[in-house]
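Since the structure comes first, as structure tokens, the remarks are kept for the end.
Letters go in sequence order (proteins before strands), and every chain restarts at 1.
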2 protein chains.
Amino acid sequence: MTIYDISKKAGVSIATVSRVLNGSTNVKPKTRKKVMDIIEQYGYKPNAFARGLGLNSMKTIGILCADASDLYLAKALYYIEQNLRENGYNSVLCCTGYEMDSRKESLNLLLSQHVDSVVMVGSNFIMNNPEDNMYVNDAAASVPIMLLNADYDCNNVYCTLCDDYKATQDATEKMLNAGLKNILYLYNSNSYSGLKKLAGYQSALLSHDIAVKKEMLQCFKGSNEDIDGVKSFIEKLYLKGVKFDGIIASDDFLAVGAMNFARANKIKVPNELQIIGYNNSILTHCSEPPISSIDNRLEDMCIQLVKTLIGTLSQNEMPQKTIFSGELVERGSTKL
Amino acid sequence: MTIYDISKKAGVSIATVSRVLNGSTNVKPKTRKKVMDIIEQYGYKPNAFARGLGLNSMKTIGILCADASDLYLAKALYYIEQNLRENGYNSVLCCTGYEMDSRKESLNLLLSQHVDSVVMVGSNFIMNNPEDNMYVNDAAASVPIMLLNADYDCNNVYCTLCDDYKATQDATEKMLNAGLKNILYLYNSNSYSGLKKLAGYQSALLSHDIAVKKEMLQCFKGSNEDIDGVKSFIEKLYLKGVKFDGIIASDDFLAVGAMNFARANKIKVPNELQIIGYNNSILTHCSEPPISSIDNRLEDMCIQLVKTLIGTLSQNEMPQKTIFSGELVERGSTKL
DNA sequence: ATGAAAGCGCTAACAA
DNA sequence: TTGTTAGCGCTTTCAT
């Protein structure tokens, strides 16, 4: 069923059908109705390729994301896809994994599909080495690039992020003000936002004149599903004699591992050990007590990102950077 | 940059360029190299629309899924997208939510995009009322439909699923054999697989000559993030005097709620209460003891689904139904 | 208000 | 081995 079939059946030209389809005003109401009826009757749907060919846009946004099964990224994906669709855009998903080459390849794939824009979900798309980020510049030359949770200065690149630095700094400060002396910083990623969080932690310590001890910065290298691994990781530190009365984790799953460690070693939370996670995910509700966590307002960020994207595609001047502030949600794992 | 530009610069016809692009053998190596060089030099990428127009396929699969932020569905999405891309297909994601109308609308949207096939992820796309499923039949008239975790008889519809009936039956039997008398079945969905699980539970009871009591079948109506809600839900039953020494939950988050309930009420797990979840997700590792859970081999299912899909698209005759068997992963929440 | 026709970039059948 | 050309289904001028 094509526009030709419809035009024949309705006894008009294809141009008229096209006008009806695209809501042009220059159609006699009677003609419009006649065409509409035929369209409905045959359930005709215009061919998106042909339309795309002419307009050179298929109203499609490419979404790049390292791992759609990650709790946090999956949520982001969900919000973004919803918002895009409400604005009449489709989403092509591309999970890249965490390797550089795969990221570039996926990006090229999306660009060759003539997506109208690419959204990169997650801080891991921006590295520390400027050279490694040139692929973003290249892509931005052809379509607007939207970054969620990453900060990158480049023309045609728009960033929506949470001030992880400040959020972590605040949380650390609260722990210090509550009298904690040895706060362990537990992280698992050297991504941009990972480093920001770390910096926030360090800044809080320094402003309280506390030296940052190396043994208090611990990077867990395992997978983000391996809660048992996290537990043994902390246990090893503990047995080695590292003392800590507070833990700030860069992700909730690390915090859960910390909770499990505490329980296994009969360390009372929050009396002997206070724990703060990050992302405020469902994992915070699985332990007893429930885990305090930093909420970085993912949904708000996603909504804003799509707004900026739609604005940009409509040729409006949009802000290159939108920064939200995170917020500590206090639960039973802390006493601040 | 189009195929015409390339052909001019290379001094050949567009047909030759097209042949090089599509790896046709009928090109002199020298010519091929000449064309390739120009292509590389100018970074030319063929226009996917134009290609799609001609072939009426854009090598794109539509993925329908109620909620990409659901732990289980997100994982499925991840596996499927990966496998599809390895086979040269792109994935257009469409999160439908749990409402019927939205499902149909999303499906139509995908079909109008001329996707080569639609994958429906999750049992909630098939309802009990046959009329409600006609939209699947309609869609199957134009492209092959792949169902993950659902069973539906229709031409051009291919199902990949886990035998939830048997898995739940086995788990229930194990509990009965371990001497449990009052096993609560906790669920939250009347989807196809939800009902299968329920039936498996009932069958196990019956084969042990135990009547199925209505109060032992409890449906939690809240969101799948609301672990606290689950806890209070069970607590209410408990306070009402409902006695149970085992719980089979149709999803891990329900099992976590049950664990939290038990801890709050000083009920010892597994000595006084044994708990089994479903999906074997990361949530099983968050509690102490860790939660036994039924693993329905999601990754295997997804791999198989994509295999069947690719086979079907290549005009091979493929099985309409592939059934895996689930398996109980025993952890500390049971003593079987 | 409507129709005719050009063109979007590519593939594939047919010719040479 | 290579070139020519007719579509693919739609949008959009330009006539009428």
Worksheet item: Going by distance alone, is a donor N or O of one side chain under 3.5 Å from an acceptor N or O of the other, for A/N133 and A/Y192?
Response: no
Worksheet item: Are A/N137 and A/Y152 close enough that a side-chain donor and a side-chain acceptor fall under 3.5 Å?
Response: yes
Worksheet item: Using a heavy-atom cut-off of 4.0 Å to chain A, what are the terminal contacting nucleotides of DNA chain D, in 5' to 3' order?
Response: D/dG9 to D/dT13
Fill in: Atom CE of B/M1: over 12 foreign heavy atoms under 6.0 Å
yes
Worksheet item: So, for B/D151 and B/C159, which heavy atoms are closest and what is the spacing to 0.1 Å?
Response: CA-SG, 4.0 Å
Response to the item:
Heavy-atom nearest pair, A/I63 first then A/L110, reads N-CD1, 4.1 Å
Worksheet item: Are any of A/S13's side-chain N or O atoms less than 4.0 Å away from OP1 or OP2 of C/dA4?
Response: no
What does the list of N/O pairs under 3.5 Å between the protein and nucleotides 7-10 of chain C look like, with a distance for each?
{"unit_1": "C/dG9", "atom_1": "N2", "unit_2": "B/A50", "atom_2": "O", "d": "3.3"}
{"unit_1": "C/dC10", "atom_1": "OP1", "unit_2": "B/Y44", "atom_2": "OH", "d": "2.1"}
{"unit_1": "C/dC10", "atom_1": "OP1", "unit_2": "B/N47", "atom_2": "N", "d": "3.1"}
{"unit_1": "C/dC10", "atom_1": "OP2", "unit_2": "B/I3", "atom_2": "N", "d": "2.4"}
{"unit_1": "C/dC10", "atom_1": "OP2", "unit_2": "B/Y44", "atom_2": "OH", "d": "3.4"}
{"unit_1": "C/dC10", "atom_1": "N4", "unit_2": "B/Y4", "atom_2": "OH", "d": "3.1"}

Worksheet item: Over how many whole Å does the gap from A/K33 atom NZ to C/dA1 atom P extend?
Response: 19 Å
Worksheet item: Roughly how far apart are B/Y158 OH and B/T312 OG1, rounded to 0.5 Å?
Response: 4.0 Å
Fill in: Crowding at CG, B/D101 (>12 non-hydrogen neighbours, <6.0 Å)
no
Worksheet item: When you check the gap from the basic side-chain N to the acidic O, do B/K75 and A/E225 get nearer than 4.0 Å?
Response: yes
